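Just so you know, these numbers use all the heavy atoms, side chains as well, and skip hydrogens, waters and symmetry mates. The structure presented is a predicted model; accordingly, all values stated were derived computationally and were not measured. All chains are named by letter (A, B, ...) in the order of the sequence lines, taking the proteins before the strands, and each is independently numbered beginning at 1.
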Number of protein chains: 2
Amino acid sequence: MSLSNTILGVLNLSAMTGYDLKKFIDHSTQFFWHAELSQIYPLLKQLETSGKVKVEVIPVEGKPDKKVYSITEKGRAEFLVWLSEPMDETPPTKSPMLLKIFFLQALDKNEVLAQLRCQLEAQRARLKRLQLETSRTIEESAGRTSFATQGVLWELVRQYGELQTQTSITWLEQALKVVEEKL
Amino acid sequence: MSLSNTILGVLNLSAMTGYDLKKFIDHSTQFFWHAELSQIYPLLKQLETSGKVKVEVIPVEGKPDKKVYSITEKGRAEFLVWLSEPMDETPPTKSPMLLKIFFLQALDKNEVLAQLRCQLEAQRARLKRLQLETSRTIEESAGRTSFATQGVLWELVRQYGELQTQTSITWLEQALKVVEEKL
DNA sequence: CAAGGCATGTAAATCGTTACATGATTTA
DNA sequence: TAAATCATGTAACGATTTACATGCCTTG
């Protein structure tokens with residue numbers, strides 16, 4: 001049920017359309033949460049049916065009507081309940097990268113090294129993206145009054161992404177050395 | 001399709017039952033990949049139908065027959081193709097923890113601090129588990145001949161988990177300070 | 001004039017979780 | 001004697017992805 005809460009959380013900051021919701025998610029939570037429009041649209045409908053969001057339909061010529069969604073009191077209440085639930089357990093995560101590295105020994109040494117180098121490049125590219133793109137997005141959003149108070153936590157979360165990616169890079173560099181020596 | 005490949009990867013190390021597969025996954029890949037028996041059993045059947053694994057049924061008195069699965073040449077070939085595919089993209093991951101922290105500003109300061117402290121405890125517990133339990137499992141497995149050559153990458157992967165968790169802990173400690181001062 | 005952004009969705013398929021069902025043996 | 005472990009699964013539901021479908025407007 002985390003996507004419902006993501007949607008409610010964003011709408012709690014500002015009313016917007018499904019399309020804008022998708023863009024917002026892509027530019028803010030993208031490195032720890034994401035969703036496709038084909039998942040967002042039906043969910044918005046469902047949230048509306050259960051009275052957690054309401055819709056204002058704005059007719060547009062020659063295009064589908066624009067549907068601006070905003071959170072209701074009922075929706076906000078539910079969102080706050082979710083937000084207050086203690087995060088006591090570390091929920092299981094999945095990492096295709098780690099999974100593949102775990103099994104890599106079935107290939108020969110050169111292929112193992114190639115895979116690790118490949119992933120190292122991907123992580124370096126990711127770090128650059130996080131440093132440039134995301135910090136810019138946060139600055140822009142911070143300008144808008146409705147998002148202003150979000151600043152502190154957004155910046156923290158962005159730093160988290162940077163730190164973890166940096167850790168991955170350092171680890172991969174180390175892993176390359178170990179594999180070269182010991183395999 | 002990563003679970004099929006996980007299963008093929010484990011069976012490539014040693015033949016075993018669905019039940020043992022589950023235990024193996026729980027004790028080795030658990031912090032980056034996991035699965036329920038209700039997903040494993042049907043998948044094994046499917047892999048058998050497509051000729052990627054084969055089964056040896058061992059009758060047991062008073063219990064369901066034991067079904068020992070092993071990988072076929074076809075299965076191994078497919079597994080190696082998957083393993084060789086370049087890991088160029090960083091696949092999108094999901095983190096309920098980050099998601100919640102991202103939205104936490106909707107609560108008041110004390111609740112924010114409580115949530116962060118709660119997660120800090122969870123991460124510290126996780127670190128302990130990784131340091132004790134997992135390293136023990138790896139040592140045990142390393143004793144068995146069929147798993148011996150896996151040692152280097154397993155140890156690396158375990159270290160990755162430790163490093164990332166340590167990074168999370170440091171970040172959460174920092175986040176607590178920042179929130180106390182700035183919020 | 002082609003590509004991409006704007007703006008809405010539906011349908012099918014796959015992936016994953018939770019609950020249910022059975023029944024013997026071992027351990028606390 | 002209650003709970004956990006061994007050992008197999010099915011059914012229902014929920015979450016997610018991929019493909020399809022439409023059509024205008026803007027930018028290169």
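- The one candidate from Thr170(A), Thr167(A), Thr165(A) that meets the side-chain hydrogen bond (donor to acceptor under 3.5 Å, both in side chains) condition with Thr167(B) is Thr167(A).
- Separating the CG atom of Leu37(A) from the P atom of dA11(C) is a distance of 17 Å, rounded to the nearest angstrom.
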Stepwise salt bridge (Lys or Arg N to Asp or Glu O under 4.0 Å) check, Glu181(A) with Lys177(A): CA-CA 6 Å; Glu181(A) 283 171 25; Lys177(A) 275 186 208 162; over 6 Å; no

Protein-to-nucleotide contact annotation, 5' to 3' order, nucleotides 16-21 of chain C [B base; S sugar-phosphate only; - none; under 4.0 Å, heavy atom]: SBBB--

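- One atom, CG of Leu43(A), and another, P of dT10(C), lie 13 Å apart when rounded to the nearest Å.
- Taking atom CD on Gln46(B) and atom C1' on dG9(D), their separation rounds to 15 Å, with Å as the unit.
- Put simply, CD on Glu56(A) is 15 Å from P on dA7(C), counting in whole angstrom units.
- Side chain of Trp33(A) to main chain of Thr93(B): no donor-acceptor pair is present (N/O by atom type, distance under 3.5 Å, no hydrogens or angles).
- The listed nucleotides are dG14(D), dG9(D), dA7(C); the one nearest the side chain of Met1(A) is dG14(D).
- Taking only side-chain nitrogens and oxygens, Lys22(B) never comes nearer than 4.0 Å to OP1 or OP2 of dT8(D).
- Computed from coordinates, the Lys45(A) NZ to dA7(C) C1' distance equals 13 Å when rounded to whole Å.
- The distance between atom CG of Leu44(B) and atom C1' of dA7(D), rounded to the nearest whole Å, is 13 Å.
- Regarding contacts with the backbone of dC6(D), a side-chain N or O of Lys23(B) is found under 4.0 angstrom from either OP1 or OP2.
- A centroid separation of less than 6.0 Å is found between the aromatic rings of Phe79(B) and Phe103(A).
- For Tyr41(B), the listed nucleotide lying nearest its side chain is dA7(D); candidates were dG5(C), dA7(D), dG9(C).
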Test log, rule side chain to side chain donor-acceptor pair (under 3.5 Å), inputs Tyr160(B) and Ser95(A): CA-CA 12 Å; Tyr160(B) 179 91; Ser95(A) 163; 5.5 Å; no

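- Electrostatic pairing of Glu162(B) and Arg158(B) counts as a salt bridge here, judged by a charged N lying under 4.0 Å from a carboxylate O.
- Counting only heavy atoms from C-beta outward, the side chains of Ile40(B) and Leu44(B) approach each other to under 4.5 Å.
- Atom-to-atom, CD1 of Ile40(A) to P of dG9(C) comes out at 12 Å; the value is rounded to the nearest Å.
- One atom, CD1 of Ile7(B), and another, C1' of dC15(C), lie 13 Å apart when rounded to the nearest Å.
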